[in-house]
Each structure stands twice: as C-alpha cells, then as structure tokens.
Amino acid sequence: MRFEPSPPVPDLPTTGRRPGNASVTRGDGFSGGCISLIVLLIEIPAAILLGLTLGLRGWGRADERSGSPAMDWVPILWLGGFTLCVLVVAVAFLCSAHPYAGAVQLLVAAVALIAVGNAWHEEYERAHPSPLPTCPTGAGVPCASSDPAVGR
C-alpha cells in the first residue's frame, strides 16, 4: 500500500477575494470596541490604585524642607512601568488585527507618558530648588525673609 500525500494547499472556492483579504484576518469594529472597553475597565482601577499609592507615599514629606532632597525615582519608575504595560497591550492588539482597540491603547499610553513626564518634572523641581536671590544690601549674601513663618 502506497501513501500519496495530498496537495499542500487545498483549492479555495473562487469568490473574487484574495486569500490575504479574508474577513477573518481583520478584526471588526465591534469586537475591537468590546475588547478595548474590557481592557480599559481593567486599566482604570490599576491607574487609580497607582495614583493613590504614589499620592499617599508623598503625603508625609510635604513639610520636609531641610536642604535639597535627593530625587525620588519611584513615581517615575512606577508610571513608566504602567506606560510600558499599556504599550505592550497596544502592540498586541495591533498585531492581532484589532486596530481600534490598539488605537485606544495608544491614546491611553500617550496620556500615561504625559503623566511620567509630569512626575519627572515635579521630582526634578523638588530635588533642585531654585537658588535664593542675592540681597542688594548684603553683598552677595542670599536674602532671608524677615518673617520666620514664610520659610516653612
């Protein structure tokens, strides 16, 4: 008994469409919208929890004014990690034929990237305060306020 292999590609019915343009290779708007909504409903509580933990973390240091503190990289790294996760999800959606869900994730990643830049700027300003102006009468000595409550 001899074994004869079948042809490698079966004949497709002729419908006027090319095999690369089949509707199963593209995601439709409804499924992309549903997937995008589900992922957003997961990401929103994660972002709120991240914001709360970072906000409560910096709550105790609001009155800290002795010297110039070191730059705190934790908020930047946490927000950057969140942004990176959103970008990975966006690329996965774009590669899996869900362009609408991928586009929404790219918008969320852009907003998260703006939050990363804002966090970095705030931490940089906190770690590198502007110098006090020189007193015109003190010959190069920084001016100090006459009211001790203003410095706090």
Side-chain angles (χ1 to χ4, degrees), residues 2-134 142-143 145 149-152:
R2 287 184 59 126
F3 174 73
E4 293 186 26
S6 63
V9 177
D11 291 335
L12 296 174
T14 57
T15 59
R17 284 192 291 190
R18 297 168 68 194
N21 292 338
S23 64
V24 295
T25 61
R26 289 178 290 154
D28 61 346
F30 180 73
S31 66
C34 290
I35 291 172
S36 179
L37 180 66
I38 290 169
V39 172
L40 278 177
L41 289 177
I42 293 170
E43 286 175 350
I44 289 172
I48 290 173
L49 182 64
L50 181 65
L52 274 172
T53 55
L54 290 177
L56 291 177
R57 185 176 178 277
W59 196 10
R61 63 179 180 188
D63 56 351
E64 168 186 313
R65 297 281 182 197
S66 60
S68 86
M71 192 160 165
D72 187 12
W73 287 96
V74 173
I76 300 160
L77 293 175
W78 274 99
L79 288 170
F82 179 76
T83 305
L84 186 63
C85 289
V86 172
L87 279 174
V88 167
V89 170
V91 169
F93 279 149
L94 290 173
C95 290
S96 68
H98 292 290
Y100 298 117
V104 169
Q105 291 300 308
L106 286 175
L107 289 175
V108 171
V111 170
L113 190 61
I114 290 171
V116 170
N118 188 25
W120 175 83
H121 182 69
E122 286 178 3
E123 290 299 324
Y124 183 83
E125 288 294 319
R126 188 181 68 82
H128 302 92
S130 59
L132 293 173
T134 57
C143 288
S145 174
V150 173
R152 291 185 205 167

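All residue numbers in this chain count up from 1 along the given sequence.
- Closest of all the heavy-atom pairs between Q105 and V86 is O-CG1, 3.3 Å.
- The minimum heavy-atom distance linking E123 with P75 is given by the pair OE2-CG, 4.1 Å.
- In this view, I48 and I44, L52 satisfy the side-chain contact (heavy atoms from CB on, under 4.5 Å) rule, not counting sequence neighbours.
- The minimum heavy-atom distance between I76 and A119, with the atom names listed, is CG1-C, 4.1 Å.
- Summarising the geometry, atom CD belonging to E125 is positioned 10.0 Å from atom CE belonging to M71; distances are rounded to the nearest 0.5 Å.
- Contacts of L37 classified as side-chain contact (heavy atoms from CB on, under 4.5 Å), with partners at least two apart in sequence or in another chain: L41.
- For the pair V108/V39, no side-chain contact is recorded, criterion being any heavy-atom separation below 4.5 Å from C-beta on.
- Side-chain contact between L106 and L87 is present, with at least one heavy-atom pair separated by less than 4.5 Å.
- When the side-chain contact (heavy atoms from CB on, under 4.5 Å) test is applied to A47, the partners found at least two apart in sequence or on another chain are F82.
- Distance CG/L77 to CG/D72: 9.0 Å, rounded to 0.5 Å.
- The only option from V88, V104, I35 that meets the side-chain contact (heavy atoms from CB on, under 4.5 Å) definition with F93 turns out to be I35.
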